[in-house]
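Just so you know, these numbers come straight off a predicted model, no measurement behind them.
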Amino acid sequence: MTERPRFIFDGMLGKLCRKMRMLGYDSLFYMSTSPSRFLEDAGAADRIAVTAATRKTDRRGPQPLVLRSVETTRRISEIFSLLPESPRFQPFTICLECNTPVEKREKEKVTGNVPEKILARFEEFFFCPGCRKIYWKGSHYEAMQKEIDRIRDVCRARGGNAP
């Protein structure tokens, strides 16, 4: 199996970056004061640069994926149509906030760090060692799962193999 692609998204694509993290892809959001270095920094970090700005293709560094779609789900599908391999989603394995892999945590280890009503309703928790955020499979999880299903459908409709 080939190594999973790692991405870096320019400053216009923060929402897309977060969605790619939701799907389990290592995705950085480029918040530099020097946007002219975006492609060079992507190359130095061995990441696939993703942008919606066609003007960035004339900069030094690896050629970016330039997205033409506007809507986030279609952009995700477009990314995978531009890559040689099929998408392999691993949802909810990366922190949405800081891009660190999350770890499963026992209920006892999150006590005091989540509301009591959450502890009473849920058994499974995930912890981000990067930003220390704690996740559980509540209503946000259900909504994100539906969104992942929509993304799969759009990828399939576009003719690609969907995970």
Side-chain angles (χ1 to χ4, degrees), residues 1-32 38 41-42 44-52 65 67 69-158 160-163:
M1 181 183 296
T2 61
E3 186 175 315
R4 288 171 58 79
R6 298 173 341 124
F7 300 95
I8 186 166
F9 294 87
D10 73 9
M12 299 183 298
L13 301 174
K15 182 178 179 182
L16 178 59
C17 178
R18 188 175 170 93
K19 298 294 181 189
M20 291 296 286
R21 289 175 182 171
M22 178 184 73
L23 297 173
Y25 283 92
D26 182 336
S27 300
L28 294 181
F29 182 58
Y30 192 76
M31 295 184 38
S32 172
F38 173 63
D41 291 348
D46 196 28
R47 290 181 174 274
I48 297 169
V50 183
T51 184
L65 298 181
L67 304 179
S69 301
V70 175
E71 194 270 325
T72 302
T73 300
R74 295 210 179 279
R75 282 180 165 173
I76 292 169
S77 175
E78 186 176 357
I79 287 170
F80 292 117
S81 73
L82 296 170
L83 295 177
E85 67 270 351
S86 297
R88 297 177 312 212
F89 297 170
Q90 295 175 348
F92 313 115
T93 57
I94 293 182
C95 180
L96 300 176
E97 301 300 323
C98 74
N99 199 48
T100 302
V102 296
E103 304 167 351
K104 193 168 186 172
R105 277 288 159 96
E106 301 298 323
K107 189 176 194 173
E108 303 78 44
K109 291 188 177 184
V110 299
T111 301
N113 295 310
V114 297
E116 287 296 321
K117 66 180 182 175
I118 298 299
L119 283 174
R121 287 187 59 208
F122 299 97
E123 296 298 320
E124 195 172 34
F125 295 90
F126 298 88
F127 174 75
C128 174
C131 67
R132 308 191 60 77
K133 185 172 174 99
I134 298 170
Y135 295 92
W136 56 90
K137 294 181 179 179
S139 59
H140 283 92
Y141 171 83
E142 293 167 13
M144 287 189 293
Q145 190 60 59
K146 287 179 183 175
E147 186 168 6
I148 291 167
D149 292 342
R150 280 192 304 275
I151 292 167
R152 280 190 178 109
D153 290 344
V154 169
C155 287
R156 284 186 188 114
R158 198 171 184 127
N161 295 328

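A 4.5 Å side-chain heavy-atom check between Arg75 and Leu13 finds at least one atom pair inside the cut-off. Side-chain atoms of Leu67 and Leu16, non-hydrogen and from C-beta on, do get closer than 4.5 Å to each other. Inter-residue side-chain proximity for Leu83 and Leu65 is flagged as met; some heavy-atom pair is nearer than 4.5 Å. The shortest distance between side-chain heavy atoms of Arg47 and Asp26 falls below 4.5 Å.
The backbone N or O of Glu108 lies less than 3.5 Å from no partner atom in the side chain of Glu106, so there is not a single donor-acceptor pair.
Contacts of Arg132 classified as side-chain contact (heavy atoms from CB on, under 4.5 Å), with partners at least two apart in sequence or in another chain: Phe127. Take Asn113 and apply the side-chain contact (heavy atoms from CB on, under 4.5 Å) test, not counting sequence neighbours, and it matches Ile134.
Note on ring orientation: taking the six-membered ring where Trp is involved, the planes of Phe122 and Trp136 are tilted (angle from 30° to 60°). Between Phe80 and Phe7, the ring planes lie perpendicular to each other; the angle is over 60°, past the 30° to 60° tilted range.
Screening residues 116-126 for side chain to side chain donor-acceptor pair (under 3.5 Å), with sequence neighbours left out, gives Lys104-Glu124, Lys107-Glu123, Glu124-Lys137.
Cation-pi geometry between Arg18 and Phe29 is not met at under 6.0 angstrom from the ring centre and within 45 degrees of the axis.
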Please assess Asp149 against Lys146 for the test salt bridge (Lys or Arg N to Asp or Glu O under 4.0 Å), listing each intermediate value before the final yes or no. CA-CA 5 Å; Asp149 292 342; Lys146 287 179 183 175; over 6 Å; no
